[in-house]
> 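This structure is in structure tokens; I'll ask about it shortly.
Being a predicted model, the structure only gives us computed values, none of them experimental.
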Amino acid sequence: MKQDMIIRVEHLSKLYGMNKNAAVELLEQGEDRESVLKKTGVTAAVWDASFQVRRGEIFAIIGLSGSGKSTIIRCLNMLQRPTSGKIFFENSEIDEFNKKELQEYRRNKIAMVFQNFGLMSHRDVLGNVAYGLEVKGVSRIEREKKAMEMISMVGLEGWEHNSVDSLSGGMRQRVGIARALANEPEVLLMDEPFSALDPLVRRDMQFELLSIQRKLNKTVIFITHDINEAFKLGDTVAIMKSGRIIQIDSPENMSANPADDYVREFINSADKTKILSARHIMEIPTSIVRPQDTPLHAIREMRANSVSTAYVVGDRMELEGILTIDTAIKNRSAKTIEGLYITNLPTTTQDTLISDILPMAAEAKFPIAVLDQDGGLRGIVTKAAVLSSMI
């Protein structure tokens, strides 16, 4: 099945300086940015960057300050025009848009969320969120209704008439996200939006963004210098160095197969529990029984697999509960195990990060059941597996 690519970037370069032709010649010969700057006076902010973004994914671009990541995101909405290369939005080359087409693209297809929030202090929360719709000529009743929907979605209901200057940093960033979403763009561009927030607020905003993105299925291109943030949020991650893209991959594949020492060093600084998910450490439960089975059958299953618990599943592998060996022996004369097993079990999904499982694992009396979206049992995560993943 062909993947639906909403953004496609081909050989994008952005150079600053007069002697660009000489700089291009040196860059094509493989000289690094610092050498080119010294010889020609030209700064290669971005050089020969190519990537594709799938509709509905979070595409994270990570790099140190000056790596070129912010330049790329500003080229995507033509705040800066590339020196060379092509950028396609749904097969339309945006560099060829006329003034009206570019305005339509910026107003309706793509929206930017800034690091410094970019809010207007003379407007309240509602006025800020509704601003883009006001510019588009949407009626006051309609734009305020839409703005209230977005305010509620980002958890600011009841704050709509407050001054933005009275809000905390995290709340102001929520206003910025709500304003961007109110226009119903297809792509959100986010340039280090959480870097000015303290760690706890930043974590909350990361969760908020993931929740909104999953709910609305928006395409997000997210810029960050934090490897943990990139791996937590990104379905796909691109690492940049000195204006060049070094590697593009999923967090899991990049962690397992870094392209070079630079990428490896970046990844080694990451918290592994924020890279790996439950699918990477889960095990297949060896002892599985059904509600209509007898306690004696369950005892035999546990004995055969050298375990003291058996997972109880329905006809479609949906998790019903867990039966302990003590309970099975105590009730060995019963006709079935129906009603004998524990149903209040800790559960998670295959894509849940290990860092998010840690609190649950610390309290759990039994392994954590890993379920699919239909409640089917896919595996189990033991406390030992969680703890060993941290080493």
> Could you pull out the closest heavy-atom pair between R33 and A44, with the gap in Å?
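Answer, listing the atom of R33 first, then A44: CD-O, 2.8 Å.
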> Looking at K20, I want to see if its NZ is surrounded by more than 12 non-hydrogen atoms of other residues, nucleotides or ligands under 6.0 Å.
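Yes, enclosed.
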> I'd like to know if the side chain of Q213 and the backbone of K218 have a donor-acceptor N/O pair within less than 3.5 Å.
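Yes; at least one donor-acceptor contact below 3.5 Å.
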> Of the options L15, N19, L27, which is the one that meets V36 in a side-chain contact (heavy atoms from CB on, under 4.5 Å)?
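It is L27, the one option of L15, N19, L27 that forms the side-chain contact (heavy atoms from CB on, under 4.5 Å) with V36.
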> What about F222 and F194, are their ring centers closer than 6.0 Å?
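Yes: the rings meet the under 6.0 Å criterion.
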> Is it the case that over 12 heavy atoms from other parts of the model lie below 6.0 angstrom from the CZ atom of F207?
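Open.
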> Give me the one residue out of R203, K232, R202 that meets salt bridge (charged side-chain N to carboxylate O under 4.0 Å, His left out) with D226.
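Among R203, K232, R202, the one meeting salt bridge (charged side-chain N to carboxylate O under 4.0 Å, His left out) with D226 is R202.
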> What's the spacing between E320 CD and I342 CD1 if we round to 0.5 Å?
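These two atoms lie 14.5 Å from each other.
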> Supply the atom-to-atom distance K109 NZ to E184 CD, rounded to the nearest 0.5 angstrom.
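Atom-to-atom, K109:NZ and E184:CD are 11.0 Å apart.
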> Look at the side chain of R143 and the backbone N and O of V138, then say whether any donor-acceptor pair between them is shorter than 3.5 Å.
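Side chain of R143 to backbone of V138, a donor-acceptor pair under 3.5 Å: yes, one is there.
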> Determine the minimum heavy-atom distance between V53 and I221, stating which atoms define it.
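Taking V53 first and I221 second, the nearest heavy atoms are CG2-CD1, 4.1 Å.
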> Would you give the length of the straight line joining atom CD1 of I7 to atom CZ of R55, rounded to the nearest 0.5 angstrom?
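Separation between the atoms: 9.5 Å.
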> Using 0.5 Å steps for rounding, measure from the CD atom of E186 to the OG1 atom of T219.
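If we round to the nearest 0.5 Å, E186:CD and T219:OG1 are 7.5 Å apart.
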> Flag the pair K86 and D95 as a salt bridge only when some basic side-chain nitrogen lies within less than 4.0 angstrom of an acidic carboxylate oxygen.
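No salt bridge links K86 with D95.
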> Give me the atom names and distance for the closest heavy-atom approach of A230 to T224.
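That closest heavy-atom pairing would be CB-CG2, 3.8 Å.
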> Between the side chain of D293 and the main-chain N/O of R290, is any donor-acceptor distance below 3.5 Å?
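Yes: the side chain of D293 pairs with the backbone of R290.
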> Say whether, by atom type as modelled, one donor and one acceptor occur between the side chain of R106 and the main chain of M78 under 3.5 angstrom.
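Present.
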> Any sub-3.5 Å donor-acceptor pair from S67's side-chain atoms to L64's backbone N or O?
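Checked: pair present.
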> Rounded to the nearest 0.5 Å, what's the gap from CG on N162 to CG on L126? Could you check?
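Here the interatomic distance stands at 11.0 Å.
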> Looking at Q173 and G170, would you say the former's side chain and the latter's main chain have a donor-acceptor pair under 3.5 Å?
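Here the side-chain-to-backbone pair does not exist.
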> Over all heavy atoms of both residues, which pair between E28 and W47 is shortest? Give the atoms and the distance, please.
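Looking at all heavy atoms of both residues, the closest pair is CG-CZ2, 3.7 Å.
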> Answer whether the closest heavy-atom distance between the side chains of P367 and Y311 falls below 4.5 Å.
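In short, these two side chains touch, coming nearer than 4.5 Å.
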> Determine yes or no for a side-chain-to-main-chain donor-acceptor pair under 3.5 angstrom, with D374 supplying the side chain and G376 the backbone.
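It does not hold such a pair.
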> If you take all heavy atoms of T336 and P291, which pair is closest and at what distance?
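Result for this residue pair: CB-O, 3.5 Å.
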> Specify the closest pair of heavy atoms between V129 and A182, including all atoms of both residues, with the distance to one decimal.
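For V129 versus A182, the nearest heavy atoms are O-CB, 3.6 Å.
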> Measuring from atom CD1 of I246 to atom CD1 of I239, what distance do you get when rounded to the nearest 0.5 angstrom?
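Output value for this atom pair is 8.5 Å.
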> Under a 3.5 Å distance rule, please check whether E57 uses its side chain to pair with a backbone N or O of R54 as donor and acceptor.
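Between the backbone of R54 and the side chain of E57 there is a qualifying donor-acceptor contact (under 3.5 Å).
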> Can you confirm whether the side chains of S163 and S166 place a donor and an acceptor under 3.5 Å from each other?
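Per modelled atom types, S163 and S166 side chains form no pair under 3.5 Å.
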> Closer than 3.5 angstrom, by distance alone: can the side chain of T309 be matched with the main-chain N or O of L323 as a donor-acceptor pair?
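Checking the backbone N and O of L323 against the side chain of T309, no donor-acceptor pair under 3.5 Å is found.
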> Determine whether a donor-acceptor pair (N or O, by modelled atom type, separation under 3.5 Å) exists between the side chain of N183 and the backbone of N108.
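Flag not set: sc N183 to bb N108 has no pair under 3.5 Å.
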